[in-house]
Amino acid sequence: MNSKTNLVKTDQSDPYSPQLYDLEAVLLMRDNGVNVVGIGYTIYLGSEYEAQMMMEAGDLIAQAHAEGLIVVLWIYPRGKAVKDEKAADLIAGAAGVALCLGADFVKVNPPSPTDNATSAELLKQASAASGRCGLVCAGGSTVDAQTFLSQLYDQIHIGGACGNATGRNIHQRSLDEAARLTKAISAITFDDATVEEALAIFNG
Amino acid sequence: MNSKTNLVKTDQSDPYSPQLYDLEAVLLMRDNGVNVVGIGYTIYLGSEYEAQMMMEAGDLIAQAHAEGLIVVLWIYPRGKAVKDEKAADLIAGAAGVALCLGADFVKVNPPSPTDNATSAELLKQASAASGRCGLVCAGGSTVDAQTFLSQLYDQIHIGGACGNATGRNIHQRSLDEAARLTKAISAITFDDATVEEALAIFNG
Amino acid sequence: MNSKTNLVKTDQSDPYSPQLYDLEAVLLMRDNGVNVVGIGYTIYLGSEYEAQMMMEAGDLIAQAHAEGLIVVLWIYPRGKAVKDEKAADLIAGAAGVALCLGADFVKVNPPSPTDNATSAELLKQASAASGRCGLVCAGGSTVDAQTFLSQLYDQIHIGGACGNATGRNIHQRSLDEAARLTKAISAITFDDATVEEALAIFNG
Amino acid sequence: MNSKTNLVKTDQSDPYSPQLYDLEAVLLMRDNGVNVVGIGYTIYLGSEYEAQMMMEAGDLIAQAHAEGLIVVLWIYPRGKAVKDEKAADLIAGAAGVALCLGADFVKVNPPSPTDNATSAELLKQASAASGRCGLVCAGGSTVDAQTFLSQLYDQIHIGGACGNATGRNIHQRSLDEAARLTKAISAITFDDATVEEALAIFNG
Amino acid sequence: MNSKTNLVKTDQSDPYSPQLYDLEAVLLMRDNGVNVVGIGYTIYLGSEYEAQMMMEAGDLIAQAHAEGLIVVLWIYPRGKAVKDEKAADLIAGAAGVALCLGADFVKVNPPSPTDNATSAELLKQASAASGRCGLVCAGGSTVDAQTFLSQLYDQIHIGGACGNATGRNIHQRSLDEAARLTKAISAITFDDATVEEALAIFNG
């Protein structure tokens, strides 16, 4: 429901991603046969415009639920006030905000690992904070399939994620490779496959 | 009805906690069986965004009362213009604003004690200012049960509070301990118990 | 209809007093038996937020008159651009703005006296500028009854005021004294009493 | 439909004149017998608030025309970005904006004369730019009748104005003199009188 | 649907072009017989006011399509954050934004040529990004007919444009010359003419 370019950087102005359509426009598409089952909205917590985005998200969630639509929030701590966007406690705070706002799913960045804990271990705090709001991690920049599938496995089995939200790792691959990776992701997420089993699916 | 993160500090930008839902969304929940009896809203008096929050609160109070809902205001003096957030006269001013806005209850911080007066004695000014709007104090950070119950007793019997609004002193205890503390609080608030009697209830 | 605290000073931010309720909330009270005959709104001319307050006032006046309610404006020149808030020409300008906005009454501060003219003499310009919009002066800080009643007499008989708007000079007195002062004020305002006659009433 | 004081100067904040009433309030007056035939709005082009005023004007013009009302725009280039408010090309740009916005009449300041051209000659560019939107000049500060009538004659016959919009040159004269000047203005504007003929009317 | 003057420069304030009318005003014209088939809106990507313009554009597109109107977006990267307004990747980004917003056509500036590629070659990236949203280039400042027609031919046949959006190259020519240039443009755009054939049409 909202979007922005990355032309204006945070040192010039804190990020604000404006709502571009009202829900009525979405419902009109659904009324005309587009199979819309949910909407998404991005919040930059810690931005000086956090308030505007929380208002828009809150309002959209109430409206969407009344119309039978689910809501996914992308929540990224970002702004002059945010020193480390991937600190585990900020990621957990973002997950908690999603729960408080009533979102159905929240997409967060995987926490940066520390000397004492892996990213997946640190993600536990976030999935606890998100409660009944399902947590998924951003796929990030493109990596080899084994790395990707291992991370996903750990996010789900250690970190408590309920899936993932992958972009570049799919659309920056060939169609054939992307299709096989999608099947491997599905195997881990829905069929309880191990990394090795998923990798075998990927390798066809 | 409103909320914010604490990522942006006052020295970067004065606090503004945006309204996240309109009353219609609340009424929809009530219509669907959730037993909603009131709403709450936080105002930071002395913030450069005070005006926005007073507007939202004023409007919500008028709407909520028309729908048979009570309204609790959390009012905290905060912002670059506020040197001492817990000065007794500012707390009293906050209580008076709640009355003027037509709130049913106001939650304030207990005033800082001075050389001449305890916090509970200083609270008298605030409970006088809040008039028929019931005044309760924030519970603050977790302390031992005796300290907590003594403060509560004094807030009610000396300071004129009509109850309390406690978070961390409950949810940072074990379930069992929290349940016993809740009973002790209830005894002081509703059954006119002494601190000793309440402590006996807590100690089970 | 609007209000603010005095925590944020003009050197930090120019004053803005936000509208806290819409007229509908007022009409609802009237419909439920409260004898509401008018509304009031405060404008700080010369504030960087003057535009916002003039908009809200203009809109409220049109709405209120359509519903048979009178409107009183408090207009005070205030803000970084205003060097002398009680200069006679600014007070007169404030009175003229009230007329242009269509207010029924305007409350202004009495002008500061100059070497050549008393406050009441300087007020003539303001009452001329306010035209058919009735002008009243703020009562200011508490003074002895004789001083107060003399000022009031001069404001009406020399300055062209049609009454007064007194707060502290009433509510900072004992109930008995306040009642007698109210009668004295009434005698000057409605019964054409002299200062001596009014003082006799006050002295009971 | 909009107005402002002149207390806040351009070096403190660029000018913004807020809309004080919506068209509904005007239509209500017309419905109640006031012979309203049009509305007016002032735009300060080059102000940092230009966008806000162009929005309000554009919206009002569409609404007013739908209700059979004509619209007059006062357009003055003003703000930190404007070095010479009476430069002929800026005046012409202002006239062109009025046409684009769909105004029926535009009031501009007469351009400052240059070494090569009189004000009236320079006004040609503006009246060409205003197209079917009638252009009138502000009357400016009070001058003697001959000067005023000569300027008016030249604005119409050389500059392409279709009339004038005079304030101070009328209301700063005695009633009798103002009435005679009005007749003289009418003679030039509607009856194609020469300056001498108009002056004879003024001299009665 | 939106417009602005160029008086306030980017170093004073980032560009914002406000929406001047709502769609209802456009529909009213259509209802009254004006053959309106579409609307246009200008977005300055990279401006600090990008959010406001993307919101207005997004909302207008949803509304316009629901009413059977097509939408053309003019998208120009501009603001303090934009170092090179005609960099090919920014132009392509602009085209992609138009597609995402659901516009039917997008008008962009032709990219600046580099050492390795002509403007038309660089335009390929933009027309790929605009997808099913038709891309046209701004005509720019007036050049001789052969230059203009060659550029147009290359924009269509190399760069993937589906037409052009020419202003000054038409209206800054005589009526006769403008008519002949229009026919030449039409021949290239709709009849697959070569530059030589189009030039022959222009030369009559």
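Here is the naming used below: chain letters follow the sequence lines, and residue numbers restart at 1 for every chain.
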More than 12 heavy atoms of other residues, nucleotides or ligands under 6.0 Å from NZ of C:K80: yes or no?
yes
Roughly how far, to the nearest 0.5 Å, is the CG atom of C:D22 from the CD atom of B:Q63?
8.0 Å
Tell me, side chain or backbone of B:L90 under 4.5 Å from chain C's heavy atoms, or both, or neither?
side chain
Other residues, nucleotides, ligands: >12 heavy atoms within 6.0 Å of C:E24 CD:
no
Contact winner vs chain C - B:V97, B:V82, B:I61, B:L101, heavy-atom pairs under 4.5 Å
B:L101
Looking only at C:N32, C:L7, C:L20, C:L28, the option with the highest number of non-hydrogen pairs under 4.5 Å against chain B is C:L20
Can you tell me how far apart CD (B:E50) and OG1 (C:T5) are? Round to the nearest 0.5 Å.
3.0 Å
Is it the case that more than 12 heavy atoms not belonging to B:Q12 sit under 6.0 Å from its CD atom?
yes
Taken to the nearest 0.5 Å, the spacing of C:S17 OG from B:M55 CE works out to 10.0 Å
Determine yes or no for a side-chain-to-main-chain donor-acceptor pair under 3.5 angstrom, with B:E48 supplying the side chain and C:S13 the backbone.
no
Considering all heavy atoms of both residues, which atom of C:Y21 and which atom of B:A62 are nearest to each other, and what is their separation?
CD2-CB, 4.0 Å
Counting heavy atoms not belonging to C:Q146, are there more than 12 under 6.0 Å from its CD?
no
